[in-house]
Amino acid sequence: MKTDSREKLLADVDAYCQELRPIEELCYVEHRYNRETVELAKKHNLLGMPVPVQYGGRGADAVTYARALARIGREGTGVRTFFSGQTSIGQYPIMRFGNEDQHRRYLPASARGEIILAFGLTEPDAGSNPLEMTTTYRRDGDRFLLNGVKYLISNGGIADAVVAFGYPEGRSGKDRRMSAFIVDTRGATFEAEDLHAKPGMFTANTGMFQMTDHPVPAENLLSEEGNGFRVAMGTLVSGRLSVASGCLGVIEDCLAEALTYAKTRVQHGKEIAKHQLIQEHLAEIEMDRAGSDALVQRAAEAKAASDAAPGDARLAAEADFLVAEAKFFASNAAWDAADRAVQVFGGRGWSELYRVGRHLQDVRVCRIYEGTDEIMKLKIASALLGKEFAAFH
Ligand SMILES: Cc1cc2nc3c(=O)[nH]c(=O)nc-3n(C[C@H](O)[C@H](O)[C@H](O)COP(=O)(O)OP(=O)(O)OC[C@H]3O[C@@H](n4cnc5c(N)ncnc54)[C@H](O)[C@@H]3O)c2cc1C
């Protein structure tokens, strides 16, 4: 991406964040979905950041997009999660695995915000192991009919189209390979529901949906039939980089907030920043930030190299590994940073009225979604050991 386009994009992201901040804070304390996340993103033209310019996006490479998501992450994990659903795991599989017709039908409209996207892999009985999913499809003339439930889906209650996965009905053994579809959510055969019982991310939508003989036109098969697992795994690399980048933003915000507060709050006759145990928290948050920054940058560069050579298996494996490391490290570092920042704030920190308290509530999920801590560790270890030592198949 050219330097001036990159700087313009990051300036637009910053303007978006500043405009969104007071609305986001109000929605958060009132525990309600923030519509302005989408509306202001339309205004600032941010709904297709890595989408190629020819399809109405901004053409951001993975490094630039990671920087944008880090800035957005400062405004809250809920806001950044919306962008994950729309772009990192919504537009990305269409960009990477879709054909020209699918590009034309879904990318410009989603970049304009006329189509909200989501990614539906997880099911009630299939999380860490998506191969255990029970969603099925069958061919019916020039369409497929899908049946199944997808659970815990970011943007799942507001999406106009979902990249969803299922197995062919009635097949077993080696013939039973999942496929990916771009599923339009219109019609009575697609029933979505918002999930509200969550301890954070109140301003973002998390949903579930059920498909009952839901028709999907044959031309909405994404990639080849049977290639769904590859689509899903390729997409999760993009999603994990989004999580890691957002977590970097959370840490940056926690550091800024903790530094300001520690310099102004006075106890025992001096600013708390002059107490050495408070300085320890600040130093630890800074090390969380520096480590995450380095790993996110390295992972984003690897992802950019892999994106530029989609057929290169070595570059894909390298990106997969480095992104898993960045995702694990940054999400744990962000949890630590938010916890320490709350400690610096004392009683005020343990409150949704303060940014650090909101970060603490929201960021915990980053150690779970897009692959849990445990799955990231197994992935990292098996990359070191070789496939024959994989903990599960
Ligand atoms: C807010 C939110 C948004 C989400 N958004 C999306 C989305 O947009 N799209 C989507 O498809 N999914 C989404 N998810 C689902 C998410 O990806 C899953 O929750 C996650 O992958 C874990 O699956 P699970 O919850 O079923 O846990 P499980 O897989 O049941 O895991 C439970 C525990 O067992 C551990 N475990 C499982 N297998 C192993 C193993 N082999 N070795 C060691 N430990 C193991 C796990 O690490 C975890 O600690 C979202 C989840 C949340 C909470």
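All ligand and atom numbering here is 1-based and tracks the order in the structure. Each residue takes its place number in the sequence, starting with 1.
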In this structure, are over 12 heavy atoms from other groups packed under 6.0 Å from Leu277 atom CG? no

Just need the protein heavy atom nearest to atom 20 (C) of ligand 1, so name the residue and atom and give the distance. Ile368 O, 3.6 Å

So, Ser179 versus Tyr167: side-chain donor-acceptor pair below 3.5 Å or not? no

Can you list the other members of the hydrophobic cluster that holds Phe328, where links are side-chain heavy atoms under 4.5 angstrom apart? Ile375, Met376, Leu378, Phe392

What protein heavy atom is closest to atom 40 (C) of ligand 1, reported as residue, atom name and distance in Å? Leu378 CD1, 4.0 Å

I need the atoms of ligand 1 closer than 4.0 Å to a non-hydrogen atom of Glu370, numbered in the order shown. 17 (O)

of all protein heavy atoms, closest to atom 9 (N) of ligand 1 is Phe119 O, 2.8 Å

Distance-only donor-acceptor check, side chains His359 and Asp253, under 3.5 Å: yes

Which residue and atom name correspond to the protein heavy atom nearest atom 12 (N) of ligand 1, and how close is it? Thr122 OG1, 2.7 Å

Glu286/Arg289 salt bridge by N-O under 4.0 Å criterion: yes

Atom 26 (O) of ligand 1 has as its nearest protein heavy atom Gly127 CA, 3.2 Å

Is any NZ, NE, NH1 or NH2 atom of the basic residue among Lys303 and Glu318 found under 4.0 Å from an Asp or Glu carboxylate oxygen of the other? no

Salt-bridge test for Arg96 and Asp307: reply yes if a basic N is under 4.0 Å from a carboxylate O, no otherwise. no

Please confirm whether Lys198 comes under 4.0 Å of ligand 1, counting heavy atoms of the residue only. no

So Phe209 and Phe190, would you call those rings parallel, tilted or perpendicular, with 30° and 60° as cut-offs? parallel

Judging by distance only, is a nitrogen or oxygen of Thr206 under 3.5 angstrom from one on ligand 1? no

Closest approach of any protein heavy atom to atom 39 (C) of ligand 1, naming residue and atom: Ile375 CD1, 4.0 Å

Quick check: are there more than 12 heavy atoms from other residues, nucleotides or ligands sitting under 6.0 Å from CZ of Arg364? yes

Can you list the atoms of ligand 1 that are under 4.0 Å from a heavy atom of Met201? 1 (C)

Applying a 4.0 Å heavy-atom criterion (strictly less than), which segment of Tyr369 is in contact with ligand 1: side chain, backbone, both, or neither? both

Of the protein's non-hydrogen atoms, which lies at the shortest distance from atom 53 (C) of ligand 1, and what is that distance? Val365 CG2, 3.5 Å

Side-chain donor-acceptor contact under 3.5 Å, Ser88 with Tyr65: yes

Quick check on contacts: which atoms of ligand 1 are under 4.0 angstrom from a heavy atom of Thr372? 22 (C), 46 (C), 47 (O)

Distance alone, cut at 3.5 Å: any donor-acceptor contact between the side chains of Gln361 and Tyr28? yes

Below 3.5 angstrom, do we get any N/O pair linking Glu374 and ligand 1? yes

What protein heavy atom sits nearest atom 38 (N) of ligand 1, and how far off is it? Ser128 CB, 3.8 Å

Would Leu121 count as being in polar contact with ligand 1, using the rule that some N or O on each side must be under 3.5 angstrom apart? yes

Do the ring planes of His275 and His268 sit parallel (below 30°), tilted (30 to 60°) or perpendicular (above 60°)? perpendicular

Sub-4.0 Å atoms of ligand 1 with respect to non-hydrogen atoms of Ser154: 3 (C), 4 (C), 5 (N), 6 (C), 7 (C), 8 (O)

Does the protein put a heavy atom less than 4.0 Å from atom 5 (N) of ligand 1? yes

Would you say Leu152 has any N or O atom under 3.5 Å from an N or O of ligand 1, going by distance alone? yes

Could you tell me whether atom 46 (C) of ligand 1 has at least one protein heavy atom nearer than 4.0 Å? yes

Output field: ring centroids Tyr137/Phe165 closer than 6.0 Å: no

Less than 4.0 Å between atom 34 (O) of ligand 1 and some protein heavy atom, yes or no? no

